[in-house]
Amino acid sequence: ARVHTANTFRTQSRYFPEDWEALTHLAVALAREGISRCEDQGAARVRGLVAGSLSPLEDCYRPDLSPAEPRAEHRQMARALAAAGADMILVETFPHTGEARIALEEALATGLPVWFSLTAGPDADLLSPAEMRAAFAEAARLGAQALLVNCIPARAVLDFLPALIGHGLPFGAYANAGHADEGMGWTTDPLAADRYAALARSWIAEGARIVGGCCGTGPQHIQATRVHGVRPFFSG
């Protein structure tokens, strides 16, 4: 993978009021260390980038819990990710477009490149493609450098890709593996990764240029996409 997300999804001050900042810095440092080890072993042909995860303040499957005033906390976290040395900020897994826009604004204010990703949740019903399209248009206007959908079942991605098209930016998806009985993740079974990679090829065919994995996927899924000729950019 070319982009690796630091494990800062839940290092906000509301969860770790005393040591959130230290944990954020540690997460970025660990991601950087992991990339360096891969590069030292010749596993990477280009320098890997660390993306700092800037996530919803509450449950990413409960848009109804989104705080009325989230700006201060997102500003705090965005600045911490920049100070920790992240190469870019990934505004990710937002089911609430209003909170997502505020997080994007605060991430952009750091001066770092920002990717913007929305989720419709595990059943692909929290946001409609039309709602996503409107939010992606605004994100492009504000200055996001890439648009993504994530943490929806891999089999549902094609339904949402049209919302990403036509904004003048690179776009893509990093999906979850769906339910365990779909046989596409939550396991080291190589056939599961192959099934995921086959779907990733269909996203590429529709113009996606950023492909990765979310919940239930692992390194084998990223490897499978390479084997199948898809060039994965992202490891969630």
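Every value quoted in this text rests on a predicted model; they were computed, and no experiment measured them.
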Show your working on side chain to side chain contact (heavy atoms under 4.5 Å, CB included) between Thr24 and Phe16 and close with a plain yes or no. CA-CA 10 Å; Thr24 297; Phe16 298 95; over 6 Å; no
Is it the case that more than 12 heavy atoms not belonging to Asn7 sit under 6.0 Å from its CG atom? no
Close side-chain approach of His96 to Pro56, heavy-atom, < 4.5 Å: no
Under 3.5 Å, is there a donor-acceptor pair between the side chain of Thr217 and the main chain of Cys214? yes
Of the non-hydrogen atoms in Ala144 and Leu104, which two are nearest, and what is the gap between them? CB-CD1, 4.1 Å
Between Arg133 (side chain) and Ile165 (backbone), is there a donor-acceptor pair under 3.5 Å? yes
Side chain to side chain contact (heavy atoms under 4.5 Å, CB included) with Ala86: which residues, sequence neighbours excluded? none
Point-to-point distance, once rounded to the nearest 0.5 Å, from CZ of Arg37 to CD1 of Ile35: 12.5 Å
Could you tell me whether a side-chain N or O of Asn150 sits under 3.5 Å from a main-chain N or O of Thr93, the two making a donor and an acceptor? yes
Leu158 and Leu127: same hydrophobic cluster, using ILVMFWY side-chain contacts below 4.5 Å? yes
How long is the span from the CD atom in Glu69 to the CG atom in Leu57, to the nearest 0.5 Å? 11.5 Å
Enter the distance from Cys60:SG to Arg10:CZ here, rounded to the nearest 0.5 Å. 6.5 Å
Gln223 CD to Arg226 CZ distance, which is reported to the nearest 0.5 Å: 7.0 Å
So which heavy atom on Ile210 is nearest to which on Ala146, and how close? CD1-CB, 3.5 Å
NE2 on His167 to CG on Leu169, rounded to 0.5 Å: 8.5 Å
Test item: Tyr15 and Trp20 side chains (from C-beta on) under 4.5 Å apart, heavy atoms: no
Please find the pair of heavy atoms, one from Gly185 and one from Ala192, that lie closest to each other, and give the distance. N-CB, 3.8 Å
Closest approach of Leu164 and Leu148, non-hydrogen atoms and distance? CD2-N, 3.6 Å
Under 6.0 Å between the ring centres of Trp203 and Tyr196? yes
Any non-hydrogen side-chain atom of Pro153 less than 4.5 Å from a side-chain atom of Asn176? yes
Atom of Thr119, atom of Met132 and distance for their closest heavy-atom approach: C-CE, 3.7 Å
Examine distances only and state if a side-chain atom of Ser128 and a backbone atom of Glu131 form a donor-acceptor pair shorter than 3.5 Å. yes
For Ala6, is there any backbone N or O sitting under 3.5 Å from a side-chain donor or acceptor partner on Ser53? no
Verify same cluster id: Leu112, Met77 (apolar side-chain graph, 4.5 Å): yes
List the steps and the verdict of side chain to side chain contact (heavy atoms under 4.5 Å, CB included) for Thr5 and Glu92. CA-CA 10 Å; Thr5 309; Glu92 67 167 341; 4.0 Å; yes
Report the residues that fulfil side chain to side chain donor-acceptor pair (under 3.5 Å) with Arg14, sequence neighbours left out, ordered by chain and then residue number. Glu58, Glu73
Among all residues two or more places apart in sequence or in another chain, which pass the ring pair (Phe, Tyr, Trp, His ring centres under 6.0 Å) test with Phe94? His74
Grouping I, L, V, M, F, W and Y whenever their side-chain heavy atoms are under 4.5 Å apart, do Phe171 and Ile204 come out in a common cluster? yes
Exercise: do Ser13 and Gln76 side chains pair donor with acceptor under 3.5 Å: yes
Backbone N or O of Pro63 within a donor-acceptor pair of the Glu99 side chain at under 3.5 Å? no
What's the verdict on salt bridge (charged side-chain N to carboxylate O under 4.0 Å, His left out) for Arg195 and Glu182, showing C-alpha distance, side-chain angles and the deciding distance? CA-CA 10 Å; Arg195 295 183 190 108; Glu182 294 185 53; over 6 Å; no
Find out whether Phe116 and Leu142 are in side-chain contact, i.e. whether some heavy atom of one side chain is under 4.5 Å from a heavy atom of the other. no
Could you see if Leu126 belongs to whatever hydrophobic cluster contains Leu147? Use Ile, Leu, Val, Met, Phe, Trp, Tyr and a side-chain cutoff under 4.5 Å. no
Min side-chain heavy-atom separation Tyr174-Cys215 under 4.5 Å: no
Connected via hydrophobic side-chain network under 4.5 Å: Phe9 and Leu54: no
Please determine whether a side-chain nitrogen of the Lys or Arg among Arg101 and Glu138 lies less than 4.0 Å from a carboxylate oxygen of the Asp or Glu. no
Just how far is it from atom CG of Leu23 to atom CD of Glu21, taken to the nearest 0.5 Å? 10.5 Å
Check: Leu199 and Val157 side chains under 4.5 Å, non-hydrogen atoms: no
Does a side-chain heavy-atom distance below 4.5 Å link Arg32 with Asp87? yes
Can you see which heavy atom on Val91 is nearest to which on Ala100, and at what distance? CG1-O, 4.1 Å
